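What follows is a single structure, written as structure tokens, with notes after it.
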Amino acid sequence: MRHVVIIGPQGSGKGTQAERIAPAYNLVHLATGVIFRALMQEDSALSDEVRQFVDKGELVPDDLTVRVLMDKLDRAPEDHGYAGALLDGFPRNRPQLDVLDQVIAQRGDELAAVIHLAVPKDVLTERLELRARDDDNPEALRRRFGIYFTETEPLLDVWRERGIVLDINGNQTIDQVTAEIERGLAARRTRREA
Ligand code: AMP
């Protein structure tokens, strides 16, 4: 399978774009934040454990995150017509990236592209302020934002060296962003086939 990662800070429109891109490319959309929130609706020891971290805006421990995600990946087989997974919200730090590399190698899969939604920080701050007003936990939202820039964004350096990053201008309309992603993925495919 050929997987794609989508990466961008809170407020970059990542979730919206992922929902459009996944069906268009036959990718199963695996969003760790969505998976954890669904899990938290359950009444179990696992959901209690996850809740402790998510409610504070902290990262769920890597071993637990990896376990939950890999279980979903194993249940998304090619015979459902999926070409791969669109990973949204994972990896978020270097240990998670290393695990992903191992898993991909073990499965004989490939990380085909990393879609990076770039939005100027002042625009993000503005969007975040608006969101924080509706959010019941603005403190956790700010913490998540901080973690993105310290732990997640630096992962781009690793992927840049591999030449798989598509830098997308996220400061456009939703349709324009989708179109830029589609152009970027098409150009990568053309290069591969050439
Ligand atoms: P998100 O909606 O992607 O911002 O995720 C919401 C929350 O889920 C995060 O603040 C974390 O507590 C948790 N979470 C999501 N993805 C991960 C991940 N890859 N590693 C650890 N925790 C995660």
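As the structure is a computational prediction, the values presented were derived from the model and not from experiment. Whatever order the structure lists them in is the order used to number ligands and atoms, beginning at 1.
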**Item:** Carboxylate-amine/guanidinium contact D71 R75, below 4.0 Å
**Value:** yes

**Request:** Verify, without hydrogens or angle tests, whether R127 (side chain) and G11 (backbone) share a donor-acceptor contact under 3.5 angstrom.
**Result:** yes

**Shortest protein heavy-atom distance from atom 7 (C) of ligand 1, along with the residue and atom involved** = V54 CG1, 4.0 Å

**Complete:** Of all protein heavy atoms, the one nearest atom 20 (N) of ligand 1 is Q96 NE2, 2.9 Å

**Prompt:** Does the pair R20/D175 count as a salt bridge with the N-to-O cut at 4.0 Å?
**Reply:** yes

**Item:** Per atom 21 (C) of ligand 1, closest listed option by heavy atom (L69, V50, V60)
**Value:** V60

**Asked** If you measure from each heavy atom of R143 to ligand 1, is any distance below 4.0 Å?
**Response** no

**Message:** For atom 5 (O) of ligand 1, what is the closest protein heavy atom, and at what distance to 0.1 Å?
**Reply:** G33 CA, 3.4 Å

**Message:** Between S47 (side chain only) and E42 (backbone N and O only), is there a donor and an acceptor less than 3.5 Å apart?
**Reply:** yes

**Request:** Specify the protein heavy atom at minimum distance from atom 9 (C) of ligand 1: its residue, its atom name, and the distance to 0.1 Å.
**Result:** R92 NH2, 4.0 Å

**Fill in**
atom 23 (C) of ligand 1: closest protein heavy atom, distance to 0.1 Å, is F36 CE1, 3.6 Å

**Prompt:** Of the protein's non-hydrogen atoms, which lies at the shortest distance from atom 19 (N) of ligand 1, and what is that distance?
**Reply:** G89 O, 2.8 Å

**Complete:** heavy-atom search around atom 2 (O) of ligand 1 in the protein gives R37 NH2, 2.6 Å

**Contact atoms of ligand 1, heavy-atom distance to Q10 under 4.0 Å** = 4 (O)

**Asked** Does a side-chain N-to-carboxylate-O contact under 4.0 Å join R160 and D167?
**Response** yes

**Residue and atom name of the nearest protein heavy atom (relative to atom 16 (N) of ligand 1), distance in Å to one decimal** = T32 OG1, 2.7 Å

**Request:** Between E58, Q52, R51, M40, flag the one that comes closest to atom 12 (O) of ligand 1 by a heavy atom.
**Result:** E58

**Message:** My understanding is that only one of V28, L73, D109 makes a side chain to side chain contact (heavy atoms under 4.5 Å, CB included) with M1; could you say which?
**Reply:** D109

**Asked** Can you list the ligand 1 atoms lying under 4.0 Å from a non-hydrogen atom of T65?
**Response** 18 (C), 19 (N), 20 (N), 21 (C)

**Item:** CZ (R107) with more than 12 external heavy atoms under 6.0 Å
**Value:** yes

**Message:** Run R162 and D157 through salt bridge (charged side-chain N to carboxylate O under 4.0 Å, His left out) and show every step you take.
**Reply:** CA-CA 9 Å; R162 300 183 196 167; D157 295 340; over 6 Å; no

**Prompt:** So, R94 and D98, do they make that salt bridge, N to O below 4.0 Å?
**Reply:** yes

**Asked** Which atoms of ligand 1 sit under 4.0 Å from any heavy atom of R144?
**Response** 1 (P), 2 (O), 4 (O), 10 (O)

